[in-house]
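The first residue of the sequence shown is numbered 1, and numbering continues consecutively from there. When a ligand or atom number is given, it counts from 1 through the structure's own listing order. Just the heavy atoms: all of them, side chains too, but no hydrogens, waters or symmetry mates, feed the values below.
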Amino acid sequence: MSRDGRNRTRTYAAGALALLAFATACGDNGGGGGLAAPAATTPVSAAPRPSGAAPTGAAATPGAAPAAANAAAWAKWNLTPLAPAPAPPADKPIKLERTGPVPVFSDVKTNDKVVFITIDDGAEKDPKFVEMLTDLKVPISMFLTRDIIKNDYAYFKPLQALGNHVQNHTVDHPVMSKIPAEKQKSEICDAQSALTQQYGTAPLLFRPPFGDGANTPMLNTSVQQCGPRAIVLWRESMQIHDMQYQSGDKLKPGDIVLAHFRGPKELKGSTMTQMFGELLARIQEQGFSVARLEDYIQAPAS
Ligand SMILES: [Zn+2]
């Protein structure tokens, strides 16, 4: 079940390892697992890193009261504030069309030193995470799976109220390339209507479980029939303490990072907020800020 033991590594190799890293991402929740890869990375001893600790050297500007309040909010979570993201571009790097094939992307073309955090599935519903995001106001995008969240749609509403968008991640997390077109359509369309009804706005983006089938014409057609106007993949996936990189070993401007709503059972005892704190520290130590993915995307003209 858990693959995180070997995931606490850095994947330095490109090529095959990157493909395996891609295949394992997003694979722990909701079954399927048809694309689960065998252990591929060699564990390396990571530098000791206290849980949730942030690197030094990125302290908030002292003096101003808002900065001090902000620093206090971050300190509550044993973090130092991330540099604020630049203002979103007026001319969006990604422009979506109202009809026709949907684009597939795993990063956004930008020179801004920002990455985008996406959080998937929705299994763990930790109230502390809502508190954390309320304090830190780090933007996320939520790709939610209907049957994983339907017992508690309300959990995600305060996260949405912070400005975070809800996006489509199917009804029950199947391997899309293994199901026929009609089933693909119901997986996407039924999730689309449930999420629209619950959250009051129609998801603009779709992510297939495991990233599977993203580039197939069949899945593209199924997405087109249900409303989302883009298929969104990722460049890095957060595990417990570190990220797995699809290629290389560092973040690049505009990368989309995958994480999951997971709790101690999936995280070897770590909590959702500990995992998220470590994710922010990994982003910070590479000199990046976190921006909102939807601020870099132009929705179709209606
Ligand atoms: Zn997923």
Requested in this report: Of all N, O or S atoms in D121, identify the one at the shortest distance from the Zn ion (ligand 1).
Outcome: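 It is OD1 of D121.
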
Query raised in the report: Strictly under 6.0 Å, is that where the ring centroids of F210 and H173 end up?
Result: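 Yes, close enough.
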
Query raised in the report: Going by heavy atoms in the side chains, are F261 and D120 under 4.5 Å from each other?
Result: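 Of all side-chain heavy-atom pairs linking D120 with F261, none is under 4.5 Å.
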
Query - Stepwise side chain to side chain contact (heavy atoms under 4.5 Å, CB included) test for I140 and F129 - result: CA-CA 12 Å; I140 60 167; F129 182 63; 4.3 Å; yes

**Report entry** Contact flag D120/the Zn ion (ligand 1), N/O/S atoms, threshold under 2.8 Å
**Finding:**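 Within the cut-off used here (under 2.8 Å), D120 places no N, O or S atom near the Zn ion (ligand 1).
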
Report task. May I ask you to check whether H260 brings an N, O or S atom to under 2.8 Å from the Zn ion (ligand 1)? Result ->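 No.
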
Query raised in the report: Is any NZ, NE, NH1 or NH2 atom of the basic residue among K76 and D135 found under 4.0 Å from an Asp or Glu carboxylate oxygen of the other?
Result: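 Between D135 and K76 there is a salt bridge, with a charged N closer than 4.0 Å to a carboxylate O.
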
